[in-house]
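Values reported hereafter were calculated over all heavy atoms of this structure, with side chains retained and with hydrogens, waters and symmetry mates removed. Note that the coordinates shown come from a computational prediction; the quantities given were computed from them, not determined experimentally.
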Amino acid sequence: MLEFRYDTQLLIEGEKLDEDVISEYFQEHFQGDCLLAVGDEDLIKIHFHTNEPWKVLEYCASLGEIYDIVIEDMDRQARGLKG
């Protein structure tokens with residue numbers, strides 16, 4: 001079994017976004033690994049492994065519009081099932 005089950009990916013579109021502030025928030029408030037928060041003031045790409053993807057979505061939605069949301073169950077994938 002994987003420590004963090006869900007591969008969570010999305011885009012945040014907004015104004016005055018700061019990838020460093022977003023990364024720090026993730027590290028302080030969410031359990032997970034493989035965090036990537038890259039982009040500019042208008043668009044940030046998030047990639048994060050977690051067991052609670054709904055919390056990630058809630059936080060990111062508070063920053064701007066979220067879209068291209070992909071949440072994949074890596075445990076199912078590891079067992080050869082569709083995620």
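Taking the six-membered ring for Trp and thresholds of 30 and 60 degrees, H29 and Y25 have nearly parallel ring planes, at less than 30 degrees apart.
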List the atom pairs, donor and acceptor, that lie under 3.5 Å between side-chain atoms in residues 63-70 and the rest of the protein, sequence neighbours left out.
none

Would you list the atom pairs, donor with acceptor, under 3.5 Å between side chains in residues 6-15 and any protein atom, with sequence neighbours excluded?
| unit_1 | atom_1 | unit_2 | atom_2 | d |
| --- | --- | --- | --- | --- |
| D7 | OD1 | Q9 | NE2 | 3.4 |
| D7 | OD1 | H47 | NE2 | 3.1 |
| D7 | OD2 | Q9 | NE2 | 3.1 |

Side-chain donor-acceptor contacts of residues 31-46 below 3.5 Å, not counting sequence neighbours, with atom names and distances?
| unit_1 | atom_1 | unit_2 | atom_2 | d |
| --- | --- | --- | --- | --- |
| D33 | OD1 | H49 | ND1 | 3.3 |
| D40 | OD1 | D42 | N | 2.9 |
| D40 | OD1 | L43 | N | 2.9 |

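The hydrophobic side chain of F4 is isolated, with no ILVMFWY side chain under 4.5 Å apart from it. Membership of the apolar cluster around L2 extends to M74, as traced through chained side-chain contacts below 4.5 Å between ILVMFWY residues.
Closest approach of E3 to N51, counting heavy atoms only: O-ND2, 2.9 Å.
Applying the salt bridge (Lys or Arg N to Asp or Glu O under 4.0 Å) rule to E24 yields no partners; only residues at least two apart in sequence or on another chain are considered.
To the nearest 0.5 Å, atom SG of residue C60 and atom CZ of residue F48 are 10.0 Å apart.
Sequence neighbours left out, the pairs with a member in residues 54-63 that pass salt bridge (charged side-chain N to carboxylate O under 4.0 Å, His left out) are E52-K55.
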